[in-house]
Amino acid sequence: MAELSEEQVRDVAMLSRLELTDDEIRHYTKDLGSILGYVEQLNELDTSSVLPTSHSFHVENVFREDIVRPSLSNEEALANAPDHEDECFKVPAVLQDGGGA
Amino acid sequence: MATYEPVIGFEVHTELSTATKIFCGCDITYGAPPNTQVCPICLGMPGVLPVLNRQAIEYTIRTAIALNCEITERTVFDRKNYYYPDLPKNYQISQNYASLGLNGYVDLDVNGTTKRVRINNVHLEEDAGKLIHPDIPGADYSLVDLNRAGTALIEIVSEPDIDNADEALAYMQTLKNLLEYIEVSDCKMQEGRLRFEVNISVREVGTKTLGTKVEIKNLNSMKTALKCIEYETRRQSDALNRGEKIIQETRLWDEAVGATRAMRSKEDAHDYRYFPDPDLVEVHITPEWREEVRAHLPELQDAKRRRFVEEYGLPEYDARVLTSAKKTATYYEHAVAAHKNPKSLSNWMMTEVLRELNARDVEADEFPLKSEGLASIVRMIDEGKISGKIAKDVFAKAVETGRAPEEIVQSEGLLQVSDTGEIEKFVDEAIAENPDMVAKIQGGNAKTIQALVGQVMKKSRGKANPALVNELINRKLQS
């Protein structure tokens with residue numbers, strides 16, 4: 001089994017926007033490593049003839065029709081937001097860089 | 001100094017013309033107040049389940065077929081994970097492992113020659129929300145409107161087969177036209193419903209090795225995309241000539257400066273950790289379903305052009321111009337439906353209407369004079385109510401003010417005078433005032449008749465029926 005490094009845990013924490021102390025990094029390196037080791041047991045099985053699967057049951061083509069349903073009101077939509085202004089969610093400043101779609 | 005040429009590929013995003021979002025029933029009509037077209041699903045609330053919009057899948061199949069793609073029979077959706085405030089779930093549902101359409105192509109007509117551009121893939125995903133940066137200096141916050149979040153979005157990814165700006169423009173126009181023809185998107189660029197990203201590298205002329213590519217975002221018009229291609233070609237060529245290396249990066253077009261700039265470096269930016277979305281099940285596009293979509297493709301440009309020639313008796317050239325944009329073709333067909341003079345309407349389209357559309361940089365569906373109005377102008381000419389010259393003035397006024405052409409003709413007293421008595425008065429005056437012209441006409445100079453007709457038209461302020469004037473002059477001078 002490949003060892004999980006502290007560096008990898010730092011990367012994953014960064015990608016998940018988690019701020020961890022050095023102690024926590026050491027702790028999770030050990031914990032995550034043992035979880036991965038446990039899951040790695042699956043590699044002992046020969047799955048070369050099994051198609052990749054994302055579900056344990058086979059259901060396909062679940063659709064909805066293209067019909068408008070009521071949305072939330074603006075007040076409801078913003079009700080749980082820590083902060084809002086002018087009908088919008090208010091967030092720390094972001095530059096125009098980024099965004100993925 | 002070596003000479004470099006660009007190698008260009010495109011990623012084109014278009015929002016689909018569905019009534020609702022891709023995974024929930026929220027309305028997507030443009031221009032609603034912020035955060036009023038949102039629900040627990042598109043807001044990314046815990047515990048909700050997305051359910052795929054059937055129409056969005058059909059439109060994607062249609063697009064993939066129109067782009068000559070192979071249709072992936074079993075397709076799935078994946079999560080693309082990244083943190084950004086316009087994406088409430090912290091992942092975008094997209095297709096990474098099994099895009100719906102693969103290995104297609106589109107043929108471009110570039111200055112009379114055909115150029116084939118390969119399509120790597122066509123896939124379906126959800127759009128993100130909109131960030132608003134307050135127009136206050138030093139503001140330390142941004143505002144988020146999630147009305148757009150979850151709108152069905154198609155991404156069309158080309159191979160780097162485009163060699164210059166002419167081909168790039170033809171590609172963008174051809175794709176927009178095709179998407180409009182197959183009725184999957186209205187492609188309104190000013191509403192952000194069609195967006196371009198360019199991948200560009202340069203290579204020394206005569207070589208075949210691809211250089212390092214740069215991806216450019218934030219191109220909101222075809223004009224901007226072309227400026228960006230020109231700028232990047234020069235920037236990369238200059239850098240290579242100075243012995244520098246091109247860095248593979250994402251850059252943004254800065255319209256104010258007219259240049260691209262590097263995005264703040266985020267080394268991890270491309271680690272999206274895709275995995276199949278467990279909330280969504282497989283989509284099985286059977287050959288029967290695929291063929292049914294193919295059989296119901298709306299009339300494409302070539303078919304429409306041929307029909308215009310057959311049904312309306314138009315010359316090939318007219319048919320080509322009128323079908324060059326779906327909205328122009330629709331405008332024309334509505335006008336012909338209102339007044340059956342296809343050739344005359346075609347002439348008006350190809351001269352007056354297209355000129356005005358270009359000058360205003362709008363498309364036919366946004367033109368202030370509606371197709372019925374154009375039809376009524378031609379009808380008034382055909383019925384002898386107005387002269388061709390007056391018709392041009394009426395057209396200009398109708399376009400300028402949005403008033404109905406009949407109303408302009410009525411209220412400004414522009415009806416053509418076909419009353420012989422009234423015209424005769426002008427003819428007599430003109431003959432009396434221009435003895436030299438009369439002498440020339442009687443001396444056999446037929447051309448001078450037109451000059452005399454012109455005098456009469458002037459007296460009638462353009463309202464006399466020219467055919468009648470001609471006839472009267474002939475009759476009076478021969479007797």
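Letters A, B, ... are given to chains in the order of the sequence lines, protein chains preceding strands, and every chain is numbered from 1.
- The part of A:H58 that comes within reach of chain B is its side chain, from C-beta onward, which places non-hydrogen atoms under 4.5 angstrom from that chain.
- Among A:R69, A:R64, A:E65, the one residue that satisfies the side-chain hydrogen bond (donor to acceptor under 3.5 Å, both in side chains) test with B:T20 is A:R64.
- B:I22 touches chain A through its backbone: at least one of N, CA, C or O sits under 4.5 Å from a heavy atom, while the side chain does not.
- Proximity to chain A is absent for every atom of B:N90, based on heavy atoms less than 4.5 angstrom apart.
- From A:E76, atom CD reaches atom OG1 of B:T36 across 12.0 Å, with rounding to the nearest 0.5 Å.
- Of the N and O atoms on the side chains of A:N74 and B:N35, not one donor lies less than 3.5 Å from an acceptor on the other residue.
- Residue contact with chain A, scored on non-hydrogen atoms closer than 4.5 Å, is absent for B:C42.
- Of all heavy-atom pairs between B:I57 and A:F63, the closest is CG1-CE2, 4.2 Å.
- When side chains are defined from C-beta on, B:P40 counts as touching A:L72, because their heavy atoms get closer than 4.5 Å.
- Remark: side-chain polar atoms of B:D140 are not paired, donor with acceptor, to backbone N or O of A:A93 under 3.5 angstrom.
- Side-chain contact between A:F89 and B:L146 is present, with heavy atoms from C-beta onward closer than 4.5 Å.
- A 4.5 Å side-chain heavy-atom check between A:N61 and B:V281 finds every atom pair outside the cut-off.
- In this structure a side-chain-to-backbone donor-acceptor pair under 3.5 Å is present from A:D66 to B:A19.
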